[in-house]
There are 2 protein chains.
Amino acid sequence: MDRVDRILAQWHRERPDLDVSAMGLLGRLGRLSTHIGREIEKTFAERGLSSSSFDVLATLRRSGPPYRLSPGDLLATTMVSSGTMTNRIDQLEKAGLVERLDNPDDRRGVIIALTDEGLKRVDDAATAHVANQHRVVSELSPEERANLDALLRKYLAAFE
Amino acid sequence: MDRVDRILAQWHRERPDLDVSAMGLLGRLGRLSTHIGREIEKTFAERGLSSSSFDVLATLRRSGPPYRLSPGDLLATTMVSSGTMTNRIDQLEKAGLVERLDNPDDRRGVIIALTDEGLKRVDDAATAHVANQHRVVSELSPEERANLDALLRKYLAAFE
DNA sequence: ATAGAGTATCTTGACGTAGAGAGAAACTCT
DNA sequence: AGAGTTTCTCTCTACGTCAAGATACTCTAT
């Protein structure tokens, strides 16, 4: 009987006509995602970053040398709108972690490049982030993690 | 080999020192929650609501007649800050869906009450929302849903 | 009883960030 | 050359948090 169960029980009492069986799963998924997001955010905040800025830096870092991608490439992996990406790049540029370079092949576009400082920061943050992720999943046993991951993979496939 | 797998493969190539085994599970959970949140939002938007405003209205509705709670009560279930709750109530009050009443027992506080229009709107939205939730979980079989829910329940218990 | 310190409730204001939609510039293709 | 498309930016609006503030309640020591 967790908080979500209590919510379902209230609904059942007030609106017995509603079949709230799907609400439990979706409610738990949402709440869990919020809790985990807050935990993850702390690690980044300690390093002057946020999940949002790390997302961008990490995408550049993962792409390998020379750590350069177009805003469009960055958009493709990060699930945000183009306006939001412009904003994120502005912030990171102000912080000196990325720079905008002219794209010699297409003058509409720009190239976002990690600076040396950006590379250091993202590598440091990634190390701490991965350790923190292990802490966050440690509540589940290895078997539970594997089962959960398999179910999430199947479910996620329905959306992308 | 989904998008998350591709991200993990990139990390492995660039930072083989990192053990990214936890990242897959957490990444899928986050992406899934974002996708589902967007689906859910659509149903509310069609009715002039949002997940945020529905959250407040639904909490009042579920509490049963006379559909009145203090802002503090509302805070306890909705996972937002007090400033955010004040904001949400302001919006709903402007829309005529709730009203602020004096609390006779404690003059610091107020009582948030569903209006007749608010009751209608939340009952209508809840019906549509529940149907939409069923659509959203229909990608999984009943067994998969039960397994996923059980794992999420266990995991969520670690946070609340 | 009651003054005063501490606590609780809610609001406010500053700030950061998200998305939608329009717009500017350059590319592509016929 | 010109229509249509692509890429990125900009503006507007909405909403979240945090920290500080106003007001009222509570509890204790006298």
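Chain letters run A, B, ... following the sequence lines, proteins first and then strands; every chain starts at 1. Keep in mind it's a predicted model, so treat the numbers as computed, not measured.
At a threshold of 4.0 angstrom between heavy atoms, the contacts of A:Gly72 are confined to the sugar-phosphate backbone, with no base atom among them. Backbone-only contact: A:Gly109 has heavy atoms under 4.0 Å from sugar-phosphate atoms and none from a base.
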Legend entry - A:Thr84 and A:Asn87: CA distance, side-chain angles, deciding distance, side-chain hydrogen bond (donor to acceptor under 3.5 Å, both in side chains) verdict: CA-CA 5 Å; A:Thr84 300; A:Asn87 248 326; 5.9 Å; no

Inset, instruction - Quick one: do A:Thr115 and A:Glu99 satisfy side-chain hydrogen bond (donor to acceptor under 3.5 Å, both in side chains)? Show the steps, please. - result: CA-CA 7 Å; A:Thr115 61; A:Glu99 50 189 348; over 6 Å; no

Legend entry - Test salt bridge (Lys or Arg N to Asp or Glu O under 4.0 Å) applied to A:Glu46 and A:Lys42, step by step: CA-CA 6 Å; A:Glu46 288 166 3; A:Lys42 287 181 201 167; over 6 Å; no

Inset, instruction - Test side-chain hydrogen bond (donor to acceptor under 3.5 Å, both in side chains) on B:Ser70 and B:Asp73 and set out the steps. - result: CA-CA 5 Å; B:Ser70 69; B:Asp73 294 333; 3.1 Å; yes

Inset, instruction - Apply salt bridge (Lys or Arg N to Asp or Glu O under 4.0 Å) to the pair B:Arg28 and B:Asp5, showing each step before the final yes or no. - result: CA-CA 10 Å; B:Arg28 289 191 179 92; B:Asp5 282 328; 2.9 Å; yes

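Near DNA chain C, meaning a heavy atom under 4.0 Å away, the residues from residues 47-70 of chain B are B:Ser70. Within residues 87-101 of chain B, the residues that place at least one heavy atom under 4.0 Å from DNA chain C are, in residue-number order, B:Arg100.
Proximity of B:Thr86 to the phosphate of C:dT11: a side-chain N or O atom is located under 4.0 Å from OP1 or OP2.
Here the side chain of B:Arg47 pairs a donor or acceptor atom with the backbone of B:Thr43 at under 3.5 angstrom. Of the possible polar contacts, one joining the A:Arg15 side chain to the B:Asp123 backbone as a donor-acceptor pair under 3.5 Å is found.
Running 5' to 3' along DNA chain D, contacts with non-hydrogen atoms of chain A at under 4.0 Å begin and end at D:dT6 to D:dT17.
Other members of the hydrophobic cluster containing B:Ile111, listed by chain and number, are B:Leu101; membership follows side-chain contacts under 4.5 Å among ILVMFWY residues, whether direct or relayed.
For B:Asp17, the CG atom sits in a packed shell: over 12 heavy atoms of surrounding residues, nucleotides or ligands are nearer than 6.0 Å. Surrounding CG of B:Asp102 are at most 12 heavy atoms belonging to other residues, nucleotides or ligands under 6.0 Å away.
Judged as a ring pair (Phe, Tyr, Trp, His ring centres under 6.0 Å), and not counting sequence neighbours, the contacts of B:Phe54 are B:Phe44, B:His129.
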Identify all pairs in which a protein N or O lies below 3.5 Å from an N or O of nucleotides 27-30 of chain C, and state each distance.
from   : atom 1 : to       : atom 2 : distance (Å)
C:dC27 : OP1    : A:Arg107 : N      : 3.0

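Taking 4.5 Å as the limit, some side-chain heavy atom of B:Arg135 sits within range of a side-chain heavy atom of B:Glu39. Within the 4.5 Å cutoff, no side-chain heavy atoms of A:Val130 are placed close to those of B:Trp11.
Atom pair B:Leu75:CG and C:dT9:C1' shows a separation of 10 Å (rounding to whole Å applied).
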